[in-house]
Participant: 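Just dropping this structure here.
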Amino acid sequence: MSESAFLAACRGQEASHTPVWIMRQAGRYLPEYRKLREGNDFLTFTRTPDLAAEVTLQPIRRFELDAAILFSDIMTPVEGMGVELEFEGGPVIRNPIRDAESVARLRIPDPRESVPFVLETIRSVRAELTGSIPLIGFAGAPFTLLCYLVEGHGTRTFSAARAFLYSEPDAARLLMTKLADTMAAYLEAQAEAGAQALMLFDSWVGLLAESEFETLAAPAVARVFDRLRDLPVPLIYFPHQGGHLLERVKTLDPDVIGIDWRTPLPEARRKLGPDCTLQGNLDPAALFAPRAQLSERIDAVLGDAGGKRPGRHIFNLGHGIDKATDPDSVAFMVDAVHERTAR
């Protein structure tokens with residue numbers, strides 16, 4: 001992996017070009033994925049190593065991406081805690097966690113026993129990857145997982161989950177601790193299985209005020225990272241819609257911080273300082289633009305990141321790729337980033 005532009009950028013080292021990968025790059029925008037999914041439900045895919053490995057590798061075969069990311073879901077490890085999980089267009093918890101007794105019943109599982117299929121997928125992918133393409137493992141951040149466990153399903157506001165923080169503060173803190181310990185063990189096992197970078201997705205942390213982030217979410221993220229700090233892999237944190245939280249995020253000291261498209265990279269750099277690698281942040285909707293306009297948007301992101309000279313920047317979208325995206329636009333973007341930043 002000494003030749004990996006992605007790992008070099010994660011560590012702030014000089015790379016041959018600005019590396020690029022895409023959140024949700026393994027999945028439903030690819031026709032080969034949709035064909036493979038015919039007759040198979042989502043949970044079957046995530047629990048079947050051969051299928052999950054194939055989906056992980058599909059975008060690597062199609063595009064000149066600089067990293068692969070495990071095909072799974074952030075909710076996968078919560079089943080081992082004793083949560084009944086279903087998918088109906090998104091995660092559904094039939095018995096939401098809304099009181100102290102429910103939190104107390106949750107266990108912290110051994111991922112080797114609760115999610116062996118994820119670890120087998122990682123080993124299978126690593127056996128297939130060649131050259132300098134590393135594999136990113138990932139998990140959901142504690143607050144984002146709390147949102148789903150308490151609400152029971154996805155919403156735009158997670159009102160029940162946010163109310164839980166105030167109505168059951170002790171239970172909320174215990175739930176965050178249990179989730180932090182479960183995700184830390186899960187990510188540690190992924191690294192042992194062969195993942196070469198670890199990413200924590202905090203998809204709903206932008207719902208929190210700075211004071212709520214400071215007292216509840218940030219300590220849980222720190223608890224995860226503290227357990228992983230000695231592993232020989234870079235740590236990535238993506239606080240979606242968390243531009244107002246970046247000063248506190250900096251103190252968590254991940255190697256890479258993902259920036260969504262709402263926060264300009266120069267603003268993020270001012271808040272985070274020069275010693276952190278930024279990841280992002282092209283608006284996913286820009287991939288629907290005509291080529292000339294898309295080219296301008298790519299140049300704008302590269303310019304915001306510091307220009308043509310590769311440095312502490314990993315090119316990515318500012319959120320997951322839309323399922324209706326034309327794969328040819330993705331190929332254009334990947335090639336453009338490589339061509340414009342090659343040393």
Side-chain angles (χ1 to χ4, degrees), residues 23-24 42-43 46 72-106 138-183 186 199-224 237-246 248-249 252 257-263 284 317-320 322-323:
M23 286 185 282
R24 293 184 186 164
F42 180 76
L43 281 177
T46 60
S72 187
D73 189 84
I74 62 170
M75 298 300 289
T76 297
V78 304
E79 287 189 283
M81 301 179 74
V83 174
E84 294 184 11
L85 175 66
E86 299 177 14
F87 274 84
E88 295 178 359
V92 176
I93 309 298
R94 294 300 180 192
N95 297 301
I97 308 299
R98 294 187 179 174
D99 54 50
E101 292 77 14
S102 297
V103 174
R105 285 194 294 269
L106 295 175
F138 71 90
F143 174 72
T144 288
L145 297 176
L146 177 147
C147 285
Y148 288 105
L149 294 185
V150 175
E151 198 80 29
H153 54 84
T155 75
R156 291 185 179 275
T157 60
F158 286 96
S159 298
R162 292 171 62 219
F164 180 74
L165 305 180
Y166 290 94
S167 63
E168 296 280 356
D170 292 339
R173 281 191 289 272
L174 179 57
L175 178 54
M176 291 288 282
T177 298
K178 286 190 170 185
L179 287 168
D181 289 347
T182 299
M183 295 310 116
Y186 179 53
M199 183 164 178
L200 202 61
F201 284 91
D202 221 343
S203 304
W204 297 106
V205 75
L207 294 172
L208 295 178
E210 291 181 62
S211 59
E212 295 169 324
F213 182 72
E214 174 66 34
T215 58
L216 185 71
V221 173
R223 190 177 179 96
V224 176
Y237 181 51
F238 179 50
H240 183 224
Q241 296 193 44
H244 61 298
L245 308 173
L246 290 181
R248 180 63 174 93
V249 167
L252 299 173
I257 297 175
I259 307 298
D260 68 64
W261 77 90
R262 300 166 185 83
T263 301
L317 303 182
H319 197 243
D322 188 278
K323 65 180 181 180

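We number each residue from 1, following the sequence as shown.
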Participant: I'd like to check Met23 versus Phe201 (side-chain heavy atoms, cut-off strictly below 4.5 Å). Are they in contact?
Facilitator: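 Yes - at least one pair of side-chain heavy atoms lies under 4.5 Å apart.
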Participant: Nearest 0.5 Å please: distance from the SG atom of Cys147 over to the CG atom of Leu165.
Facilitator: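 Between atom SG of Cys147 and atom CG of Leu165 there are 7.5 Å.
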Participant: Taking Arg248 first and then Glu210, would you say they form a salt bridge - that is, a charged N and a carboxylate O separated by under 4.0 Å?
Facilitator: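 No, no charged N to carboxylate O under 4.0 Å.
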Participant: With respect to Arg94, which candidate in Glu84, Glu86, His153 satisfies the side chain to side chain donor-acceptor pair (under 3.5 Å) definition?
Facilitator: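 Per the side chain to side chain donor-acceptor pair (under 3.5 Å) rule, the option paired with Arg94 is Glu86, out of Glu84, Glu86, His153.
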Participant: Between Ile93 and Leu85, is there a side-chain heavy-atom distance shorter than 4.5 Å?
Facilitator: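 Contact flag for Leu85/Ile93 side chains = yes.
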Participant: Atom CZ in Phe42, atom OG in Ser72: separation rounded to 0.5 Å?
Facilitator: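 One gets 7.0 Å once the value is rounded to the nearest 0.5 Å.
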Participant: Heavy atoms only: give me the nearest Thr155-Trp204 pair and the separation to one decimal.
Facilitator: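 Closest approach of Thr155 to Trp204, heavy atoms only: O-CH2, 3.5 Å.
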Participant: Classify the angle between the aromatic ring planes of Phe158 and Tyr148 as parallel (below 30°), tilted (30 to 60°) or perpendicular (above 60°).
Facilitator: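 Aromatic pair Phe158/Tyr148 classed perpendicular.
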Participant: Closest heavy-atom contact between Phe164 and Asp99?
Facilitator: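 Closest approach of Phe164 to Asp99: CE1-N, 4.0 Å.
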Participant: Would you say that His240 contacts Val205 through its side chain, given a criterion of any heavy-atom pair below 4.5 Å between the two side chains?
Facilitator: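 Side chain of His240 against side chain of Val205, heavy atoms only: no contact under 4.5 Å found.
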Participant: Got Tyr237 and Asp202 here, is their nearest side-chain heavy-atom distance under 4.5 Å?
Facilitator: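 Yes, side chains in contact.
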Participant: Determine whether Leu43 and Thr46 make a side-chain contact, defined as any pair of heavy atoms from C-beta on separated by less than 4.5 Å.
Facilitator: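 Side-chain contact under 4.5 Å: yes.
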Participant: So which atom in Val150 and which in Ala160 form the shortest heavy-atom distance, rounded to 0.1 Å?
Facilitator: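 Heavy-atom minimum between the residues: CG1-O, 3.8 Å.
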Participant: What are the two closest non-hydrogen atoms of Met75 and Leu145, and how far apart are they?
Facilitator: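 Smallest heavy-atom distance, with atoms named: SD-CD2, 3.7 Å.
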Participant: Is any side-chain heavy atom of Leu174 closer than 4.5 Å to a side-chain heavy atom of Leu106?
Facilitator: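 No - every pair of side-chain heavy atoms lies 4.5 Å or more apart.
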Participant: Checking Asp73 against Thr76: is there a side-chain donor and acceptor pair closer than 3.5 Å?
Facilitator: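 Side chains of Thr76 and Asp73: no pair found under 3.5 Å.
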Participant: Atom CG of Leu179 and atom CZ of Arg223: how far apart are they, to the nearest 0.5 Å?
Facilitator: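 It is 11.5 Å, given to the nearest 0.5 Å.
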Participant: To the nearest 0.5 Å, what is the distance between CZ on Arg162 and CD on Glu151?
Facilitator: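 Output value for this atom pair is 10.0 Å.
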Participant: Indicate the atoms forming the closest heavy-atom contact of Phe238 with Gly318, along with that distance.
Facilitator: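 So the minimum-distance heavy-atom pair works out to CZ-O, 3.5 Å.
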Participant: Could you grab the distance from atom OG1 of Thr144 to atom CG of Leu200, nearest 0.5 Å is fine?
Facilitator: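 It is 8.5 Å, given to the nearest 0.5 Å.
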Participant: To the nearest 0.5 angstrom, please state how far the CG atom of Asn95 sits from the CG atom of Leu149.
Facilitator: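 Reported to 0.5 Å precision, the distance equals 12.0 Å.
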Participant: At their closest point, which heavy atom of Ile97 faces which heavy atom of Ser102, and how far apart are they?
Facilitator: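 Taking Ile97 first and Ser102 second, the nearest heavy atoms are CG2-CB, 3.9 Å.
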Participant: Flag the pair Asp181 and Lys178 as a salt bridge only when some basic side-chain nitrogen lies within less than 4.0 angstrom of an acidic carboxylate oxygen.
Facilitator: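 Salt bridge absent between Asp181 and Lys178.
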Participant: State, yes or no, whether a side-chain contact exists between His319 and Arg24 at a heavy-atom distance under 4.5 Å.
Facilitator: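 They are in side-chain contact.
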